Visitor: 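Please read through the structure below; I'll follow up with questions.
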Amino acid sequence: MNVYEKLPVLESQNFILRGIKESDAEELLKVYSDEKAVPFFNCDNCHGDDFHYQTLQRMKKAVQFWVFSYEHGYFVRWAVVDKSNGCVVGTIELFHRDSEKDYFDNCGLMRLDLRSDYERAGTIAEIISLIKNCAFDWFYCDKIATKVKPFAAERKNAFLKIGFMPSSSPLVGDGGETYYDYYVLTK
């Protein structure tokens, strides 16, 4: 399946993952302006973007870029929808990464951004379990990597529970920067 031709919708007991759309900006502003959530976001190799957006205009600009990036095959960003209230409570980004500089070659790189009240191990595990097995085929990779910062205990527990292991190797950025704290699931 080519996720850039037809983006699958995934559903668990409590969540739906679907393609992001511009009309999500208002609900996503509650995620990306959440002071407690921002420290969990992975902004490695994102050219200075810290994903802390405080205006609807800035959030709309980000969503437009994410939609553009999907349409041009750069990365996929799903909206995480809470089925109990229909609200978008986060996003998951995934893309294929090749690298001759580091261990993260032939890798599906994943970013998970959630509102702080959803930053719980059970919630995270449920959301990631929806996508983890399919991602290998959809992104033509032999490993999936995600950043889990040292203070993120709930996130760490969730990723360990579903099979991710800490990597001792740094991810090397476009400009040679080194980034640590990645967890990896291999096929």
Side-chain angles (χ1 to χ4, degrees), residues 3-4 17 20 28 31-53 58 62 65-66 68-70 72-78 80 90-116 118-187:
V3 294
Y4 294 104
L17 302 183
I20 199 156
L28 284 172
V31 176
Y32 291 93
S33 66
D34 182 343
E35 299 278 343
K36 293 178 183 174
V38 171
F40 294 90
F41 301 164
N42 176 3
C43 56
D44 291 355
N45 217 32
C46 290
H47 311 289
D49 191 344
D50 65 359
F51 299 97
H52 185 205
Y53 307 140
R58 179 61 183 100
F65 174 70
W66 298 339
F68 171 88
S69 295
Y70 172 74
H72 289 82
Y74 304 139
F75 59 78
V76 174
R77 194 169 285 248
W78 280 270
V80 178
T91 66
I92 295 181
E93 177 183 297
L94 251 163
F95 61 93
H96 178 93
R97 180 180 191 270
D98 287 319
S99 176
E100 295 179 4
K101 302 179 200 176
D102 61 28
Y103 166 76
F104 300 94
D105 182 46
N106 198 33
C107 180
L109 197 60
M110 178 192 311
R111 291 187 170 97
L112 173 65
D113 301 340
L114 292 173
R115 227 171 54 196
S116 62
Y118 286 83
E119 188 69 30
R120 297 182 306 269
T123 297
I124 294 165
E126 181 178 346
I127 293 166
I128 298 304
S129 292
L130 279 169
I131 203 164
K132 71 175 185 130
N133 294 326
C134 304
F136 293 107
D137 293 332
W138 292 344
F139 294 93
Y140 308 101
C141 58
D142 58 19
K143 65 181 99 30
I144 302 167
T146 193
K147 185 167 187 117
V148 179
K149 295 179 181 178
F151 61 82
E154 293 281 329
R155 194 169 280 234
K156 176 182 173 181
N157 290 339
F159 279 100
L160 288 171
K161 179 181 178 181
I162 58 176
F164 282 74
M165 297 303 295
S167 172
S168 59
S169 300
L171 185 142
V172 178
D174 294 336
E177 314 85 354
T178 52
Y179 302 107
Y180 294 90
D181 305 318
Y182 279 84
Y183 280 59
V184 177
L185 179 69
T186 54
K187 193 169 185 177

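Quick caveat: nothing in here was measured; it's all calculated off a predicted structure.
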Visitor: With heavy-atom distances below 4.5 Å as the criterion, would you say the side chains of Ile124 and Leu114 are in contact?
Guide: yes
Visitor: Is it the case that the side chain of His96 and the backbone of Tyr140 share a donor-acceptor pair, with hydrogens and angles ignored and the cut-off at 3.5 Å?
Guide: yes
Visitor: According to salt bridge (Lys or Arg N to Asp or Glu O under 4.0 Å), who are the partners of Arg58, at least two apart in sequence or on a separate chain?
Guide: Asp49
Visitor: Only pairs at least two apart or in different chains count here, so list each side-chain hydrogen bond (donor to acceptor under 3.5 Å, both in side chains) that has a residue in residues 155-172.
Guide: Glu119-Arg155
Visitor: For the residue pair Arg111 and Cys46, what are the closest heavy atoms and their distance?
Guide: NH2-SG, 3.3 Å
Visitor: Check the orientation of Phe40 and Phe151. Use parallel for under 30°, tilted for 30 to 60°, and perpendicular for over 60°.
Guide: perpendicular
Visitor: Does Ala121 offer a backbone N or O that forms a donor-acceptor pair with the side chain of Glu154 under 3.5 Å?
Guide: yes
Visitor: Can you see which heavy atom on Asn42 is nearest to which on Phe51, and at what distance?
Guide: O-CE1, 3.8 Å
Visitor: Output every pair passing side-chain hydrogen bond (donor to acceptor under 3.5 Å, both in side chains) with a member in residues 171-180, not counting sequence neighbours, ordered by first then second residue.
Guide: Asn45-Asp174
Visitor: Is a side-chain N or O of Lys187 found less than 3.5 angstrom from the main chain of Phe136, in a donor-acceptor match?
Guide: no
Visitor: On a heavy-atom basis, which atom in Tyr74 and which in Phe95 lie closest, and how many Å separate them?
Guide: O-CB, 3.4 Å
Visitor: Residues in ring-ring contact (aromatic ring centres under 6.0 Å, His included) with Tyr103, at least two apart?
Guide: none
Visitor: Could you check whether Arg77 pairs with Glu93 (Lys NZ or Arg NE/NH1/NH2 to Asp/Glu carboxylate O, under 4.0 Å)?
Guide: yes
Visitor: Could you work out, with side chain to side chain donor-acceptor pair (under 3.5 Å) as the rule, every residue matching Ser33, not counting sequence neighbours?
Guide: none
Visitor: Do Phe75 and Tyr70 have ring centres separated by under 6.0 Å?
Guide: no
Visitor: Got a sec, which residues hit side chain to side chain donor-acceptor pair (under 3.5 Å) with Lys132, two or more places apart in sequence or on another chain?
Guide: none
Visitor: Decide if the gap between the ring center of Phe104 and the ring center of Tyr182 is smaller than 6.0 angstrom.
Guide: yes
Visitor: Less than 4.5 Å apart, side chain to side chain, heavy atoms only: is that true for Ile92 and Leu130?
Guide: no
Visitor: My understanding is that only residues two or more places apart in sequence, or in another chain, count here; which of them pass side chain to side chain contact (heavy atoms under 4.5 Å, CB included) with Ala37?
Guide: Asp34, Phe41, Ser116
Visitor: If every non-hydrogen atom of Ala145 is compared with every non-hydrogen atom of Cys107, which pair is closest and at what distance?
Guide: CB-SG, 3.6 Å
Visitor: Output all residues satisfying side chain to side chain donor-acceptor pair (under 3.5 Å) with Ser99, sequence neighbours left out; order by chain, then residue number.
Guide: Asp102
Visitor: Can you list the residues that meet the ring-ring contact (aromatic ring centres under 6.0 Å, His included) rule with Tyr118, with sequence neighbours excluded?
Guide: none
Visitor: Classify the angle between the aromatic ring planes of Trp66 and Tyr32 as parallel (below 30°), tilted (30 to 60°) or perpendicular (above 60°).
Guide: tilted
Visitor: Residues two or more places apart in sequence or in another chain: which of them pass side chain to side chain donor-acceptor pair (under 3.5 Å) with Glu100?
Guide: none
Visitor: For Asp181, what residues pass the salt bridge (Lys or Arg N to Asp or Glu O under 4.0 Å) criterion, not counting sequence neighbours?
Guide: none
Visitor: Just jot down the salt bridge (Lys or Arg N to Asp or Glu O under 4.0 Å) partners of Lys147, sequence neighbours excluded, or say none.
Guide: Asp44
Visitor: Can you give me the closest heavy-atom contact between Trp78 and Leu17, atom names plus distance?
Guide: CD1-C, 3.7 Å
